[in-house]
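So you know, we letter chains A, B, ... as the sequences are listed, proteins then strands, and number each from 1.
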There are 2 protein chains.
Amino acid sequence: MVHEGSAVSKQALRRIPFYLNYLRSLPEMEVQNVSAPMIAKALNLNEVQVRKDLAAISSSGGRPKTGYNASELTSDIERFLGYQNVNEAVLVGTGHLGRALLSYRGFEHYGLEIIAAFDSDESIVDQDIHGRPVFPVYKLVDLTRRLNVRIGIIAVPAEAAQQVCDMLVEAGVLAIWNFAPIHLTVPDHILVQNENMAASLAILSRHLQEMFDANESLDNEG
Amino acid sequence: MVHEGSAVSKQALRRIPFYLNYLRSLPEMEVQNVSAPMIAKALNLNEVQVRKDLAAISSSGGRPKTGYNASELTSDIERFLGYQNVNEAVLVGTGHLGRALLSYRGFEHYGLEIIAAFDSDESIVDQDIHGRPVFPVYKLVDLTRRLNVRIGIIAVPAEAAQQVCDMLVEAGVLAIWNFAPIHLTVPDHILVQNENMAASLAILSRHLQEMFDANESLDNEG
DNA sequence: ACAATATCGATAAAAACATATCGATTTCCG
DNA sequence: CGGAAATCGATATGTTTTTATCGATATTGT
């Protein structure tokens with residue numbers, strides 16, 4: 001029995017989509033092989049790190065001096081990440097962010113399909129947004145369960161997020177993609193993936209702050 | 001000379017906004033003190049970790065049995081992250097995502113203000129979007145430099161991202177918030193912060209894949 | 001066929017990060 | 001006042017992640 005699952009670290013899991021992206025960006029006709037050093041150079045990563053990541057994913061391994069077969073590696077990654085199955089999702093909250101997510105076609109490349117949206121604002125309900133039906137939020141639990149959907153996307157204000165989260169859990173979703181800037185409490189078996197824009201902003205802002213501080217102290221010394 | 005800058009790890013930097021968020025969510029009148037264990041419990045983190053993070057940020061330290069003064073800690077964090085200065089940014093790309101970002105008022109809380117947008121589509125130009133002027137992209141370098149803006153936000157398709165990135169660098173920005181699913185090459189002193197939705201999706205999708213695999217192997221054994 | 005080279009896979013070392021533990025300090029309460 | 005409880009700050013330990021190193025192997029060019 002194979003348990004390749006736990007061989008890949010969380011950090012690796014964040015890099016793998018970049019590999020896939022890179023592979024997909026290559027002209028399929030011209031490039032037949034890719035090597036770890038090649039990917040590392042393109043993505044500005046350490047060569048050994050990439051090689052290790054690939055070793056964990058690739059079914060057939062790479063060949064010295066040549067590397068991996070590009071298309072084979074591509075589908076290995078897709079299989080590994082489960083992008084081959086279509087993962088159906090429901091989205092809650094049709095504000096600006098929710099609409100942006102509904103409008104983004106790129107999710108198809110990642111096997112994600114948003115099949116319905118929910119909103120508490122009754123006036124939006126019964127319209128379609130970018131081809132997806134919008135339902136009132138009181139139908140969320142029942143409908144999501146009947147659709148047998150496993151992913152819930154939360155795009156509501158922070159105040160409402162935990163409540164929506166509870167409903168999604170009750171409806172039987174297994175993973176939640178949370179865009180609300182708040183910590184969600186869930187049962188153990190549920191995965192919450194926070195889309196943490198505040199964290200990104202913090203890193204940005206801190207970077208500028210540090211550069212500012214550095215300049216200041218230079219001034220004070222000179 | 002003080003160099004508190006490098007004492008905080010990258011991971012800590014990702015947690016700190018959550019602390020701030022939590023602090024801001026507290027009713028200011030009722031809660032005067034917060035402790036590390038209190039925050040840890042609320043955000044489901046390790047108590048020691050939170051304490052260490054706070055120690056690096058707090059100017060005055062905490063008191064045994066009491067913790068930290070909430071409002072003081074709040075402004076310590078804001079100062080640390082540079083949220084007290086207003087960081088002005090320009091945004092490139094006014095598709096669905098760009099518009100969603102322009103419409104989001106919450107950035108003010110993080111000291112970020114988007115003051116102008118750029119787009120290659122001339123028909124959009126000269127309109128305002130959510131109160132911000134939209135300029136043609138050929139004005140990007142000149143205008144951004146004259147506005148003395150230090151943050152650039154990239155919300156264009158992957159194909160155009162590197163080109164836009166180069167322009168932003170030429171215009172003198174110091175940090176780039178990249179929403180395009182592609183690796184950007186920049187000079188050393190420039191910080192690129194990737195908003196990596198693909199990575200989040202990968203983690204989600206892989207979680208489901210693992211649960212699916214686990215079920216399968218159970219079936220095969222029973 | 002053989003040497004030079006690029007890559008792989010594996011193992012080892014180093015660095016970053018998280019968690020546990022302990023004495024010291026403050027507050028609370030009897 | 002004195003003991004119990006909660007928290008702090010610091011140090012030590014453990015874990016994860018990254019990076020370096022080394023021998024083995026496939027390819028290329030002579």
> When the distance from CG of B:Asp53 to P of C:dT19 is rounded to whole Å, what number comes out?
Replying inline: 11 Å

> In this structure, are over 12 heavy atoms from other groups packed under 6.0 Å from B:Arg150 atom CZ?
Replying inline: no

All N/O contacts under 3.5 Å from nucleotides 1-3 of chain C to the protein, with atom names and distances to one decimal?
none

>> Give me the atom names and distance for the closest heavy-atom approach of B:Thr94 to B:Phe118.
In response: CG2-O, 4.1 Å

>> Distance check needed: C:dA10 P versus A:Lys52 NZ, whole Å only.
In response: 11 Å

>> Within the supplied structure, the quantity of interest is the number of heavy atoms (other residues, nucleotides, ligands) at a distance under 6.0 Å from A:Glu28 CD; does it exceed 12?
In response: no

> Given atom CG of B:Asn69 and atom P of D:dT7, what is their separation to the nearest angstrom?
Replying inline: 16 Å

> Can you find a side-chain donor-acceptor pair between B:Asn69 and B:Ser71 that sits under 3.5 Å?
Replying inline: yes

> Which residue pairs satisfy the salt bridge (charged side-chain N to carboxylate O under 4.0 Å, His left out) criterion with at least one member in residues 69-94 of chain B, sequence neighbours excluded?
Replying inline: B:Arg24-B:Glu78, B:Asp76-B:Arg79

>> Run A:Cys165 and A:Val186 through side chain to side chain contact (heavy atoms under 4.5 Å, CB included) and show every step you take.
In response: CA-CA 8 Å; A:Cys165 174; A:Val186 294; 3.4 Å; yes

>> Restricting to salt bridge (charged side-chain N to carboxylate O under 4.0 Å, His left out), what partner residues turn up for B:Arg51, sequence neighbours left out?
In response: B:Glu47

>> Nearest 0.5 angstrom please: B:Ile154 CD1 to B:Leu97 CG, how far?
In response: 12.0 Å

> Judged by modelled atom types alone, do A:Asn87 and B:Ser205 share a side-chain donor-acceptor pair under 3.5 Å?
Replying inline: yes

>> Rounding to an integer number of Å, can you tell me how far B:Gln11 CD sits from D:dT15 C1'?
In response: 14 Å

> Heavy-atom contacts under 4.0 Å between residues 35-48 of chain B and DNA chain D, which residues?
Replying inline: B:Ser35, B:Ala36, B:Pro37

> Which letters describe nucleotides 22-27 of chain D, given B = protein heavy atom under 4.0 Å from base, S = only from sugar-phosphate, - = neither?
Replying inline: ---BBB

> Does the side chain of B:Asp166 pick up a donor-acceptor pair with the side chain of B:Gln162 at under 3.5 Å?
Replying inline: yes

>> Using 30° and 60° as the class boundaries, would you call the ring planes of A:Phe107 and A:Tyr104 parallel, tilted or perpendicular?
In response: perpendicular

> So which nucleotide from D:dT18, C:dA18, C:dC17 ends up closest to the side chain of B:Gln49?
Replying inline: C:dA18

> Rounding to a whole Å, what distance do you find between A:Tyr68:OH and C:dA6:C1'?
Replying inline: 14 Å

>> Between A:Thr144 (side chain only) and A:Leu140 (backbone N and O only), is there a donor and an acceptor less than 3.5 Å apart?
In response: yes

> Heavy-atom contacts under 4.0 Å between residues 13-33 of chain A and DNA chain D, which residues?
Replying inline: A:Arg15

>> Rounded at 0.5 Å granularity, tell me how far CD1 in A:Ile153 sits from CD1 in A:Ile114.
In response: 4.0 Å

